[in-house]
Chemist: 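After the structure tokens below, expect a handful of questions from me.
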Amino acid sequence: MENIYLKINKLSERYRDYTASNLSKLVQIKSLSTQEKNVQTELKRQMEEAGFDEVKIDGLGNVIGRIGKGKRILAIDGHMDTVDIGNIGNWSFDPLGGEIRNGFVYGRGSVDQKGGPAAFVTAGRMLKELGFNEDLTIYFVGSVIEEDCDGLCWKYIVEEDKIRPDFVISTEPTNLNVYRGQRGRMEMEVHFYGVSSHGSAPERGKNAIYMASKVALEIEKLNERLRQDDFLGKGSITISEIISKSPSLCAVSDYARIHIDRRLTTGENKEIAIKEIEELIKGYDAKVEMLNYSEKAFTGIEYGMEKYYPTWTIPVDHELVRTGVNTYKELFDNEPVVDKWTFSTNGIMTCGVYGIPTIGFGPGNEILAHAPDEKVPVDDLVKASAFYAGFVYELFRR
Ligand SMILES: [Zn+2]
């Protein structure tokens, strides 16, 4: 019998133009967070055309395509919303053109990250064609609202759809490397309460801006001493906004607020990060507040969560990482780099919150994410589609 990986490579090559053209169609449909309706309709159509066993759109707007009905559950996730175009003057082509030329698909979302879903639709098509029938359910998920609130879509899938996979592949761009983690993040605000007095007699008041400024300088120092991790790097903290109020421009300010962007490395979590700030504001009339995200999805339902996106990693010798590495070697006769993302992904929910082992493998270079002139090599799409199909066979090889 012909080697399955050889077959998969041949098929993914045969579907080269099909995959590129599916991606082009997805890129041509603008899909900012909470406005994904049209792109989701197209993705659903593509899954149906590819012969998936079942395709539906859930209450939050996630497209969920299923192949197989085995006991173990694998989910392959790719978010379908993109960030906006930014300054059009920085683009040398039409960001919504979806042009295919010189071996690339061009446009917003080609890398971050409609390329992943385009590749997994082809993988599904190949699995059906190859008659894959092992004891496995595969959910191919085109998720929503990731750019605004990573992980929210997966909270919905686990809590409301009641789908809880045993493992997850995220198709965010990894340059075809195997990723196994990322730093977490959270957003906090600190409120400072002062006492106003006439600006001509500041000694009678308590200036909230001075309080906030002193704490801001302490936060700058805190950044220097945050925990370091060999794999994920250092935790970090910065202030992204400072806002103040005063009864008049001739008065002592009685209120100030700072907005904090905190990146969390291994060993850091919400409780630790809040405590650090509480230490810094001791002696001030001030309080720390965690923030919430809540928005209306295109389906009309309102859904949200706390803006806490926990750190996650899985060990380099974890079965899932090993399966990814072996799949890569079998297909491409080469050793993949095993690494991590710089940015945040839905892995913060699947692995960070629910503890479901998660890896990343996706087409495109992450440095083009959110940047002008975003484009993905068609070769990457072909390899990614082969990888997703090969992976499910590799799971059953031992
Ligand atoms: Zn992304």
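All values below come from the heavy atoms of this structure, side chains included, with hydrogens, waters and symmetry mates left out.
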Chemist: Validate the cation-pi geometry between Arg125 and Tyr18: distance from NZ or CZ to the six-membered ring centre under 6.0 Å, angle to the ring axis within 45°.
Modeler: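 Satisfied, under 6.0 Å and within 45°.
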Chemist: Answer yes or no: is there an ion pair linking Lys296 with Glu302, defined by an N-O contact shorter than 4.0 Å?
Modeler: no
Chemist: Would you mind checking if Arg397 and Glu394 are paired as a salt bridge, meaning a charged N to carboxylate O distance below 4.0 Å?
Modeler: yes
Chemist: Please tell me if the side chains of Leu130 and Ile4 come closer than 4.5 Å, counting only heavy atoms from C-beta onward.
Modeler: yes
Chemist: So if you build clusters from Ile, Leu, Val, Met, Phe, Trp, Tyr with side-chain heavy-atom gaps below 4.5 Å, do Leu232 and Met349 land together?
Modeler: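 Per the 4.5 Å side-chain linkage, Leu232 and Met349 are not co-clustered.
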Chemist: Verify the distance criterion only: is there a donor paired with an acceptor across the side chains of Asp254 and Ser196 at less than 3.5 Å?
Modeler: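 Distance-only check fails for Asp254 and Ser196.
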Chemist: For the residue pair Tyr106 and Phe93, categorise the inter-ring angle as parallel (less than 30°), tilted (30 to 60°) or perpendicular (more than 60°).
Modeler: perpendicular
Chemist: If you take all heavy atoms of Gly107 and Val27, which pair is closest and at what distance?
Modeler: CA-CG1, 3.8 Å
Chemist: Can any side-chain N or O of Asn62 pair as donor or acceptor with the backbone N or O of Val144 at less than 3.5 Å?
Modeler: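 At least one qualifying donor-acceptor pair exists.
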Chemist: Report the relative orientation of the aromatic rings in Phe387 and Phe361; use parallel for angles under 30°, tilted for 30 to 60°, perpendicular for over 60°.
Modeler: parallel
Chemist: Do any N or O atoms from the side chain of Thr122 and from the backbone of Ser385 form a donor-acceptor pair under 3.5 angstrom?
Modeler: no
Chemist: Does any pair with a residue in residues 265-312 pass ring pair (Phe, Tyr, Trp, His ring centres under 6.0 Å), and if so which ones, sequence neighbours excluded?
Modeler: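 Residue pairs with at least one partner in residues 265-312: Tyr156-Tyr303.
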Chemist: Here's one to test your reading of the geometry: is the NZ or CZ of Lys383 within 45 degrees of the ring axis of Phe332 and under 6.0 Å from its centre?
Modeler: yes
Chemist: Can Ser170 and Thr345 be counted as having a side-chain donor-acceptor contact under 3.5 angstrom?
Modeler: no
Chemist: Is there a path of hydrophobic side-chain contacts, each under 4.5 Å between heavy atoms of I/L/V/M/F/W/Y residues, joining Trp341 to Val376?
Modeler: no
Chemist: What I want to check is whether the side chains of Thr171 and Gln113 have a donor and an acceptor closer together than 3.5 Å.
Modeler: yes
Chemist: How about Ser253 and Ser244: does a side-chain donor come under 3.5 Å of a side-chain acceptor?
Modeler: no
Chemist: Regarding Ser24 and Gln28, do their side chains bring together a donor and an acceptor under 3.5 Å, going by distance alone?
Modeler: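 Side-chain D/A pair, Ser24 to Gln28: present.
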Chemist: Side chains of Ile260 and Ser240, heavy atoms from C-beta outward: is any pair under 4.5 Å?
Modeler: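 With C-beta onward as the side chain, the pair stays apart.
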Chemist: Start with the C-alpha gap between Glu187 and Arg185, add the side-chain angles, then the distance that decides, and say whether salt bridge (charged side-chain N to carboxylate O under 4.0 Å, His left out) holds.
Modeler: CA-CA 7 Å; Glu187 289 176 50; Arg185 66 184 190 93; 3.3 Å; yes
Chemist: So does Lys71 get a backbone contact from the side chain of Asp135, meaning a donor-acceptor N/O pair under 3.5 Å?
Modeler: yes
Chemist: Are the side chain of Asp161 and the backbone of Ile163 linked by a donor-acceptor contact shorter than 3.5 Å?
Modeler: no
Chemist: Are Lys114 and Ser31 linked by a side-chain donor-acceptor pair shorter than 3.5 Å?
Modeler: yes
Chemist: Quick one: does Glu306's side chain have a donor or acceptor within less than 3.5 Å of a partner on Leu291's backbone?
Modeler: no
Chemist: Determine, for Lys275 against Glu271, whether the closest basic-nitrogen to carboxylate-oxygen distance falls under 4.0 angstrom.
Modeler: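 No, this pair does not count.
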Chemist: State, to 0.1 Å, how close Val55 and Val63 come at their nearest heavy-atom pair, and which atoms those are.
Modeler: CG1-CG1, 3.9 Å
Chemist: Without swapping roles, check the side chain of Thr19 against the backbone of Tyr15 for a donor-acceptor pair under 3.5 Å.
Modeler: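 Yes; at least one donor-acceptor contact below 3.5 Å.
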Chemist: Could you see if Phe391 belongs to whatever hydrophobic cluster contains Val121? Use Ile, Leu, Val, Met, Phe, Trp, Tyr and a side-chain cutoff under 4.5 Å.
Modeler: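 Result: yes, single cluster for both.
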Chemist: Closer than 3.5 angstrom, by distance alone: can the side chain of Glu268 be matched with the main-chain N or O of Thr265 as a donor-acceptor pair?
Modeler: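 It does hold such a pair.
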Chemist: Check for a donor-acceptor pair, side chain of Arg66 on one end and backbone N or O of Gly68 on the other, with a separation under 3.5 Å.
Modeler: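 Present.
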Chemist: Could you tell me whether the side chain of Arg108 and the main chain of Asp84 form a donor-acceptor pair under 3.5 Å?
Modeler: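 Yes; judged by distance alone, with no hydrogens or angles, the pair exists.
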Chemist: If two hydrophobic side chains count as joined below 4.5 Å and joins carry through other members, does Ile76 share a cluster with Val382?
Modeler: no
Chemist: Is it true that a side-chain atom of Arg183 and a backbone atom of Pro310 form a donor plus acceptor pair closer than 3.5 Å?
Modeler: no
Chemist: Answer yes if the side chains of Glu172 and His79 hold a donor-acceptor pair under 3.5 Å, and no otherwise.
Modeler: yes
Chemist: Could you tell me whether the side chains of Ser344 and Asp150 share a donor-acceptor contact shorter than 3.5 Å?
Modeler: yes
Chemist: Check the side chains of Asn223 and Ser236 for a donor-acceptor pair under 3.5 angstrom, ignoring hydrogens and angles.
Modeler: no
Chemist: Which value, rounded to the nearest 0.5 Å, describes the distance between Asp58 atom CG and Glu160 atom CD?
Modeler: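 The distance works out to 9.5 Å.
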Chemist: Please confirm whether Arg72 makes a cation-pi placement over Phe396, using NZ or CZ under 6.0 Å from the six-membered ring centre and within 45° of the ring normal.
Modeler: yes
